[in-house]
Every structure is written in C-alpha cells, then in structure tokens.
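Reading through the structure tokens given below for one structure.
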Amino acid sequence: MKFGKRYSKVTVFMAMLHGVLIGVAAVAVIGLLLVGTKGKDDVKTSGKELAASGPAAVENSAKPDEEPLQLFAKQHGAFSSKESASLFIAEDPTLSKAAVIKAGDKYLVWSAVGLTENDIDSSESEGTYRKTFRADTSSCGAIGAGKLREVLMQTEIAEINNLDDTKKEGKEDEKTKGFYKNITAITVFTKDLRIVRLHLLSQYSHTENCVKITF
C-alpha cells in the first residue's frame with residue numbers, strides 16, 4: 001500500500017516533527033531524573049561520611065584520665081569497721097585530729113597526709129608507720145568536688161583559701177558549693193595542710209565515696 005497517495009507531505013512532516021519533540025522531551029525527563037537521583041546519592045554519601053567522621057573526631061579529642069595522686073600517710077591502725085576505727089580514736093586523746101579513711105573493705109586511722117615522705121614522721125614506739133598510697137579522685141567531679149585533686153596538691157594554705165575565694169560569686173551549683181563549704185570548715189579547724197588533706201580524703205573516701213585509695 002502506498003501511503004504517499006493517502007497523506008500529504010505536510011501531514012507526514014508534522015508527524016515526524018511530533019515524534020522528534022516527544023523523543024527530546026523524554027530524553028530531557030530522563031536526564032532530570034538522573035540528576036535528581038545523583039543529588040540524593042551525594043547527600044546520602046556525604047551524610048554517611050559525616051556520620052563516620054564525627055564520632056572519630058570526638059573520640060580523638062577525649063582527654064585521658066589523670067593518674068592517681070601519690071601521697072604519704074601516718075597510720076596508727078587498720079580496722080574492719082568504721083565503728084572500731086572511730087572508737088580507737090576516741091580512746092586516745094593524742095588522736096584528736098586523726099580521721100578514718102576507707103580503703104577497700106578496711107578502715108584506717110591516719111593522723112596526717114603529706115606530699116612527700118619527709119612530710120610524715122613515724123615512730124615504732126608510738127606504733128605508727130609511714131604508708132605510701134594513691135588517691136584516685138577522678139569520680140569526684142560528679143558530686144561537685146572536681147577540684148579536690150588540685151586542693152590536695154597545694155603546698156600553701158593561702159592557695160587553698162584563694163581557690164575558695166574565687167568561688168564565692170554564687171555561680172556554682174549546690175554540690176560544688178558544698179565542696180567549698182567543706183574546705184572552709186576544715187581550714188577553720190586547722191591550718192596544717194597535712195591534716196587538711198587528711199580530713200578531705202576522709203570526707204570523700206567514705207562519706208562521699210568518690211575517692212579510691214589504693215596501695
């Protein structure tokens with residue numbers, strides 16, 4: 001059958017043009033879809049890369065825990081209960097400034113804590129001896145005593161008082177205020193840094209239970 005006799009040249013031309021336009025439109029739509037899909041893939045990829053790199057950056061920025069502080073104590077005895085240790089102190093008038101320290105399942109009677117061995121004098125006739133130990137204060141920040149390690153390391157009572165004075169602006173939470181109240185109470189009781197350290201360790205080793213004592 002000869003179509004040339006049924007359709008004019010204009011009709012055939014218009015049909016061909018229509019087909020071309022449809023083809024171009026189809027290609028354009030497919031191109032737009034591909035571009036859109038690529039954009040979504042790029043977003044997903046960048047999101048995955050950000051998620052993968054984010055935690056690594058946080059982990060790398062984390063600071064290692066501080067080493068426990070090495071200190072020296074004058075020890076008078078070790079007991080299995082706090083009551084027995086407290087009774088031992090009460091029966092000896094010379095131990096009026098001594099304190100009970102919790103170390104594991106033992107309760108120790110100490111009368112001084114120093115930064116060096118020379119800070120502690122011991123006597124066999126008194127039944128005392130020098131005890132080397134380590135104090136881990138890393139858990140104390142959770143109860144407002146994050147500066148405990150810094151206080152324990154001071155070599156002048158004035159430095160402790162100055163540290164306390166900087167915190168009297170009322171910006172701290174109640175836990176932190178409680179910590180500085182404890183420091184104030186102890187420094188009123190004594191100006192001997194060895195006894196200040198002792199009573200802070202006593203307070204936070206078993207009363208507040210954040211200092212871990214090891215030997």
Side-chain angles (χ1 to χ4, degrees), residues 63-166 179-180 182-215:
K63 295 181 180 180
D65 292 337
E66 290 181 323
E67 289 292 326
L69 183 62
Q70 179 171 292
L71 297 167
F72 303 87
K74 184 175 182 178
Q75 181 163 310
H76 296 258
F79 302 86
S80 58
S81 70
K82 180 183 176 181
E83 290 72 20
S84 297
S86 298
L87 181 60
F88 178 83
I89 292 175
E91 291 177 342
D92 189 342
T94 65
L95 297 179
S96 60
K97 292 187 177 181
V100 178
I101 302 290
K102 183 180 180 183
D105 59 350
K106 297 295 183 182
Y107 293 86
L108 313 174
V109 174
W110 292 352
S111 61
V113 172
L115 295 176
T116 67
E117 291 184 353
N118 293 332
D119 290 338
I120 303 301
D121 58 330
S122 59
S123 171
E124 290 185 4
S125 60
E126 293 180 351
T128 63
Y129 60 95
R130 186 186 298 112
K131 186 80 170 179
T132 303
F133 69 98
R134 292 181 178 274
D136 184 353
T137 63
S138 59
S139 298
C140 293
I143 61 170
K147 293 289 185 180
L148 178 59
R149 179 188 175 93
E150 183 178 345
V151 173
L152 293 173
M153 294 176 65
Q154 296 303 322
T155 57
E156 299 289 340
I157 195 71
E159 295 299 324
I160 295 178
N161 292 333
N162 290 337
L163 182 65
D164 190 12
D165 288 339
T166 62
F179 170 66
Y180 286 103
N182 288 336
I183 292 177
T184 299
I186 293 170
T187 53
V188 168
F189 171 68
T190 179
K191 302 300 180 184
D192 188 335
L193 277 174
R194 299 175 305 166
I195 299 175
V196 171
R197 295 189 196 99
L198 168 67
H199 283 271
L200 282 173
L201 286 174
S202 176
Q203 175 73 18
Y204 290 96
S205 69
H206 67 85
T207 304
E208 299 291 348
N209 198 28
C210 73
V211 175
K212 182 179 180 181
I213 303 293
T214 56
F215 303 103

For this session: Could you tell me whether a side-chain N or O of Arg130 sits under 3.5 Å from a main-chain N or O of Ile120, the two making a donor and an acceptor?
Result: yes

For this session: Not counting sequence neighbours, list each pair that qualifies as a salt bridge (Lys or Arg N to Asp or Glu O under 4.0 Å) and has a residue in residues 205-215.
Result: none

Nearest 0.5 Å please: distance from the [atom1] atom of [X] over to the [atom2] atom of [Y].
{"X": "Thr128", "Y": "Asp121", "atom1": "OG1", "atom2": "CG", "result": "7.0 Å"}
{"X": "Glu67", "Y": "Arg149", "atom1": "CD", "atom2": "CZ", "result": "8.0 Å"}
{"X": "Asp136", "Y": "Glu66", "atom1": "CG", "atom2": "CD", "result": "9.5 Å"}
{"X": "Thr214", "Y": "Gln70", "atom1": "OG1", "atom2": "CD", "result": "10.0 Å"}
{"X": "Leu108", "Y": "Phe133", "atom1": "CG", "atom2": "CZ", "result": "9.5 Å"}

Side-chain heavy-atom pair [X], [Y] within 4.5 angstrom cut-off:
{"X": "Ile186", "Y": "Thr184", "value": "no"}
{"X": "Val151", "Y": "Phe179", "value": "yes"}
{"X": "Arg134", "Y": "Leu71", "value": "no"}

Exercise. What pairs of residues pass the disulfide bond (SG atoms under 2.5 Å apart) test when at least one of them lies in residues 115-160, not counting sequence neighbours?
Worked result: Cys140-Cys210

What are the two closest non-hydrogen atoms of [X] and [Y], and how far apart are they?
{"X": "Tyr129", "Y": "Ser122", "answer": "CA-CB, 3.4 Å"}
{"X": "Gly104", "Y": "Lys102", "answer": "O-CE, 3.3 Å"}
{"X": "Glu91", "Y": "Pro93", "answer": "O-CD, 3.7 Å"}
{"X": "Ser205", "Y": "Ile213", "answer": "CB-CG1, 4.4 Å"}

Ring pair (Phe, Tyr, Trp, His ring centres under 6.0 Å) involving [X] - partner list, sequence neighbours excluded:
{"X": "His206", "answer": "none"}
{"X": "Phe88", "answer": "Phe79"}
{"X": "Tyr107", "answer": "none"}

Exercise. With ring centroids as reference points, do Phe72 and Trp110 lie under 6.0 angstrom apart?
Worked result: no

Seminar exercise, completed: Which of Lys74, His76, Glu126 passes side-chain hydrogen bond (donor to acceptor under 3.5 Å, both in side chains) with Ser111? Answer is His76

Exercise. Side chains of Asn182 and Tyr204: is there a donor and an acceptor less than 3.5 Å apart?
Worked result: yes

Problem set entry | Side-chain donor-acceptor pair present, Asn118, Thr116, cut-off under 3.5 Å | no

Extract all donor-acceptor atom pairs below 3.5 Å that involve side chains of residues 190-202 and protein atoms in other chains or at least two apart in sequence.
unit_1, atom_1, unit_2, atom_2, d
Thr190, OG1, Asp192, N, 3.0
Lys191, NZ, Thr187, O, 2.9
Asp192, OD1, Arg194, N, 2.9
Asp192, OD1, Arg194, NE, 3.3
Asp192, OD2, Arg194, NH2, 3.1
Arg194, NH1, Asp119, O, 3.1
Arg197, NE, Leu152, O, 2.8
Arg197, NH1, Val113, O, 3.0
Arg197, NH2, Gln154, O, 2.9
His199, NE2, Lys97, O, 2.9
Ser202, OG, Val100, O, 2.7

Exercise. Are Lys131 and Phe215 in a cation-pi setup, meaning NZ or CZ lies under 6.0 angstrom from the ring centre and within 45 degrees of the ring axis?
Worked result: yes

